[in-house]
Amino acid sequence: MNTANKITMIRVFLVPIFMVLFMIDNVTCHYAALGVFVLASITDAIDGHVARKYNQVTTFGKFVDPLADKVLTTAGFLYYDRMSVWALMIVLVREFAVAGIRLVAAGEGKVVAASMWGKLKTVTQMVAIIVAMLLLPIQNTFLGVHPKLISDILIWISVVFTIISGVDYIAKNWNLMEMK
């Protein structure tokens with residue numbers, strides 16, 4: 001396993017740590033969970049950079065990296081209890097649809113790498129989750145705006161990118177879904 005893939009696997013192993021810390025009803029643990037989430041999010045940029053710079057792009061990495069992102073962001077969304085159920089369902093439906101297409105592609109010996117829209121989706125989701133977690137304990141208005149509104153706006157921006165990337169992914173891979 002090369003360095004880029006090891007970094008991706010670190011992200012996968014950080015998810016349960018994030019979840020355990022976030023479940024503990026304690027401000028210190030909440031912020032520790034935030035730190036773990038930020039660290040895991042940073043590994044997403046690092047593994048891609050390492051893979052491209054040192055020519056470590058692999059089929060395994062193309063498949064597991066987006067999967068690791070999905071696991072991390074889904075965990076983040078699930079533990080953000082103020083999130084709209086509609087927003088969460090849109091995110092989950094897109095993730096399952098794309099995962100299904102990836103499995104069909106893999107069955108045909110193809111690996112589909114993430115597009116620019118998919119990367120923007122992941123970044124906006126990670127930013128929305130980080131800001132929501134930062135603002136979660138704040139009950140008062142922040143610069144005249146309620147923290148939940150700020151979080152909701154960022155979440156819905158990430159949902160827009162989720163929809164765009166899902167439509168882009170389906171359109172580019174429509175041929176995989178045709179009945180043979």
For this session: Output all residues satisfying side-chain hydrogen bond (donor to acceptor under 3.5 Å, both in side chains) with Ser158, sequence neighbours left out; order by chain, then residue number.
Result: none
Exercise. Pick one: which of Ile153, Val160, Ile155, Val159 meets side chain to side chain contact (heavy atoms under 4.5 Å, CB included) with Ile157?
Worked result: Ile153
Exercise. Is it true that a side-chain atom of Asp65 and a backbone atom of Gly61 form a donor plus acceptor pair closer than 3.5 Å?
Worked result: no
Exercise. Which atoms form the tightest heavy-atom contact between Val57 and Lys62, and what is the distance?
Worked result: CG1-CE, 3.5 Å
Exercise. Considering only heavy atoms from C-beta outward, does the side chain of Leu72 approach that of Ser41 to under 4.5 Å?
Worked result: yes
Exercise. Any salt bridge between Asp44 and Lys119, counting N to O under 4.0 Å?
Worked result: no
Exercise. Does Tyr169 belong to the same Ile/Leu/Val/Met/Phe/Trp/Tyr cluster as Met89, with side-chain heavy atoms less than 4.5 Å apart forming each link?
Worked result: no
For this session: Please list, chain by chain and in numerical order, all residues satisfying ring pair (Phe, Tyr, Trp, His ring centres under 6.0 Å) with Phe37, sequence neighbours excluded.
Result: Phe18
For this session: Specify the closest pair of heavy atoms between Thr3 and Gln56, including all atoms of both residues, with the distance to one decimal.
Result: N-OE1, 3.3 Å
Exercise. Any link between Val27 and Leu34 through a network of hydrophobic side chains (Ile, Leu, Val, Met, Phe, Trp, Tyr) touching at under 4.5 Å?
Worked result: yes
Seminar exercise, completed: d(Leu78 CG, Phe22 CZ) to nearest 0.5 Å is 11.0 Å
Exercise. What distance do Leu136 atom CG and Lys148 atom NZ have between them, rounded to the nearest 0.5 Å?
Worked result: 10.5 Å
Problem set entry | Considering all heavy atoms, the nearest Cys29-Leu21 contact | CB-O, 3.4 Å
Problem set entry | With Phe63, the side chain to side chain contact (heavy atoms under 4.5 Å, CB included) member among Leu103, Thr8, Val112 | Leu103
For this session: Could you tell me the separation between the CG atom of Asp25 and the NE2 atom of His30, rounded to the nearest 0.5 Å?
Result: 10.5 Å
Exercise. Can you find a pair of side-chain heavy atoms, one from Val15 and one from Met19, that are under 4.5 Å apart?
Worked result: yes
Exercise. Same cluster for Val71 and Met9 if Ile/Leu/Val/Met/Phe/Trp/Tyr side chains link at under 4.5 Å?
Worked result: no
Exercise. Is there a chain of hydrophobic side chains (I, L, V, M, F, W, Y, each step under 4.5 Å between heavy atoms) that links Val85 to Leu154?
Worked result: no
Problem set entry | Any side-chain heavy-atom pair of Asn5 and Val64 under 4.5 Å | no
Please report, to 0.1 Å, the donor-acceptor pairs under 3.5 Å made by any side chain of residues 122-131, with sequence neighbours excluded.
from: Thr122; atom 1: OG1; to: Gly118; atom 2: O; distance (Å): 3.1
from: Thr124; atom 1: OG1; to: Leu120; atom 2: O; distance (Å): 3.0
from: Thr124; atom 1: OG1; to: Lys121; atom 2: O; distance (Å): 3.0
from: Gln125; atom 1: OE1; to: Thr73; atom 2: OG1; distance (Å): 3.4
from: Gln125; atom 1: NE2; to: Thr162; atom 2: OG1; distance (Å): 2.9

Seminar exercise, completed: To the nearest 0.5 Å, atom OG of Ser115 lies from atom CG of Asn173 at 9.5 Å
Exercise. Measuring from Ile164:CD1 to Trp117:CH2, what's the distance to the nearest 0.5 Å?
Worked result: 5.0 Å
Problem set entry | Atom of Asn26, atom of Thr28 and distance for their closest heavy-atom approach | OD1-N, 2.7 Å
Exercise. Considering residues, nucleotides and ligands other than Phe96, do more than 12 of their heavy atoms fall under 6.0 Å from its CZ?
Worked result: no
Seminar exercise, completed: All heavy atoms of Asp47 vs all of Ala4, minimum pair found to be CB-O, 3.4 Å
Exercise. Is there a chain of hydrophobic side chains (I, L, V, M, F, W, Y, each step under 4.5 Å between heavy atoms) that links Val50 to Phe60?
Worked result: no
For this session: Give the C-alpha distance, both sets of side-chain angles, the deciding distance and a yes or no for side-chain contact (heavy atoms from CB on, under 4.5 Å) between Ile101 and Ile170.
Result: CA-CA 8 Å; Ile101 293 169; Ile170 290 168; 3.7 Å; yes
Problem set entry | Any donor-acceptor pair under 3.5 Å from Arg102 side chain to Val98 backbone | no
For this session: Could you tell me whether the side chain of Asp168 reaches within less than 4.5 Å of the side chain of Met116, counting heavy atoms only?
Result: no
For this session: List the atom of Ala40, the atom of Arg11, and the distance in Å for their closest heavy-atom pair.
Result: O-CD, 3.2 Å
